[in-house]
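Reviewing the structure listed below.
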There are 2 protein chains.
Amino acid sequence: MKVDYEVAIDTVKAMMAEPASALFDPQNCPVRDVFAHIGDKWASLILQILGLRPHRFGELRRAIPDISQAMLTGTLRSLQRDGLIYREVFPTRPPSVEYGLTELGQSLLGPVSALVVWTAEHHGRIRQSRTQYDLDNPPKKKKL
Amino acid sequence: MKVDYEVAIDTVKAMMAEPASALFDPQNCPVRDVFAHIGDKWASLILQILGLRPHRFGELRRAIPDISQAMLTGTLRSLQRDGLIYREVFPTRPPSVEYGLTELGQSLLGPVSALVVWTAEHHGRIRQSRTQYDLDNPPKKKKL
DNA sequence: CCGTATCCCAAAGGATACTG
DNA sequence: CAGTATCCTTTGGGATACGG
């Protein structure tokens, strides 16, 4: 599936132009709502990993060494609640649990990956910009 | 500019396949780094608004009624530091300040808008999924 | 092996008052 | 008008220990 960025930009502009656009309604804003999830520290990473293939709980832990068990469980729950991933329990001994993308999650993988690609391409320039900014704006001095 | 989601997905998969991929390096992961900014509660919203046209500080405040002055200032600083927006001061009395997208910010608008469009299209299904999940998983009971 | 519960600290974020 | 400083509350997220 292909997407034209110009069209997407215009679509969003049109959404914003509506009076009382949902985009500006703190209660009902899809952007804040969804970005709050996929934008969090771990969710998009998990999404990408599950995009490769389904993983078991322990596999995910090993794939993301610096995540705590509590956060992994919590993030998976949240994604599952949103219908982006499925959770399947196999009644083995000891039990094993597999996570994978639902169709909805799969459909999210495209736009998110596009953003990741942008990110990877421009990361250097962003870091450069930060360095420059910090040079121009040295840590402030207190009044004497 | 058009983007093929399949290509983006494959690109990211290739990035993840590399041994010691930067994507899994907590220190150097562009995804975490950039998502931490644009994924935050306000940054993407500001990006979209500035995509419409440059805005003054007060205009932004009015456009986003539920943002505190401190958060607005902080978010703008962060975006400026990353080189996504510019800040221009007009020496009027009283002074006025204009914010707008840089070229880099403009180039980010496409991928982010694509994600916003996805979000708007699927928000209903996500909310539905949440409701269903909450029905299936009633608030837990304490042990007696 | 998976998941939950608890505790605790650090950072995010809001309100308000003050300055250039 | 724009921005800073301070205070205070809420949340995010890590460590650990325990239960199914």
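To find a chain, count down the sequence lines: A is the first, B the second, and so on, and within it residues start at 1.
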* State which of C/dC2, D/dT4, C/dC1 makes the closest approach to the side chain of B/T73. =>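 My answer, after comparing the listed nucleotides, is D/dT4.
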* Are B/F57 and B/Q69 close enough that some pair of their side-chain heavy atoms sits under 4.5 Å apart? ->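 Of all side-chain heavy-atom pairs linking B/Q69 with B/F57, at least one is under 4.5 Å.
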* To do: State, with a plain yes or no, whether a side-chain heavy atom of A/F35 is found less than 4.5 Å away from one of B/V112.
  =>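 With C-beta onward as the side chain, the pair touches.
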* Check whether any side-chain N or O of B/Y99 sits under 4.0 Å from OP1 or OP2 of D/dG3, and answer yes or no. =>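 So the side chain of B/Y99 is within the cut-off, an N or O lying under 4.0 Å from OP1 or OP2 of D/dG3.
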* Asked: Does the side chain of A/R87 get closer than 4.0 angstrom to OP1 or OP2 of C/dG3 through an N or O atom?
  ->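 Looking at the OP1 and OP2 atoms of C/dG3, one of them is under 4.0 Å from a side-chain N or O of A/R87.
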* **Selection: residues 74-82 of chain B, any non-hydrogen atom under 4.0 Å of DNA chain D** =>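 Correct list: B/R77.
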* **Atom pair OG1/CG of A/T102 and A/L108 - distance to nearest 0.5 Å** =>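 Going from OG1 on A/T102 over to CG on A/L108, the span is 9.0 Å.
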Detail all sub-3.5 Å separations between protein N/O atoms and N/O atoms belonging to nucleotides 12-16 of chain C.
residue: C/dG14; atom: OP1; partner: B/K41; partner atom: NZ; Å: 3.4

So, [X] side chain and [Y] main chain: donor-acceptor pair closer than 3.5 Å or not?
{"X": "B/H123", "Y": "B/T119", "result": "no"}
{"X": "B/S129", "Y": "B/R125", "result": "no"}
{"X": "A/S107", "Y": "A/L104", "result": "yes"}

Nearest-Å distance, [atom1] ([X]) to [atom2] ([N])?
{"X": "A/H37", "N": "D/dG13", "atom1": "NE2", "atom2": "P", "value": "13 Å"}
{"X": "A/F90", "N": "D/dG20", "atom1": "CZ", "atom2": "P", "value": "23 Å"}
{"X": "A/E59", "N": "C/dC2", "atom1": "CD", "atom2": "P", "value": "9 Å"}
{"X": "A/H55", "N": "C/dC1", "atom1": "NE2", "atom2": "C1'", "value": "17 Å"}
{"X": "A/F57", "N": "D/dG20", "atom1": "CZ", "atom2": "P", "value": "17 Å"}

* Is A/R53 salt-bridged to A/E59, cutoff N-O under 4.0 Å? ->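 Yes, this pair counts.
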* **Salt bridge flag under 4.0 Å for residues B/R127 and A/D82** =>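 Salt bridge flag = no for A/D82 with B/R127.
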* **Any side-chain donor near an acceptor of the partner, A/Y99 and A/E88, under 3.5 Å** =>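 There is no such pair between these side chains.
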* Asked: B/R56 near the nucleic acid: base, sugar-phosphate alone, or nothing, with a heavy-atom cut-off under 4.0 Å?
  ->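 Contact class for B/R56: sugar-phosphate only.
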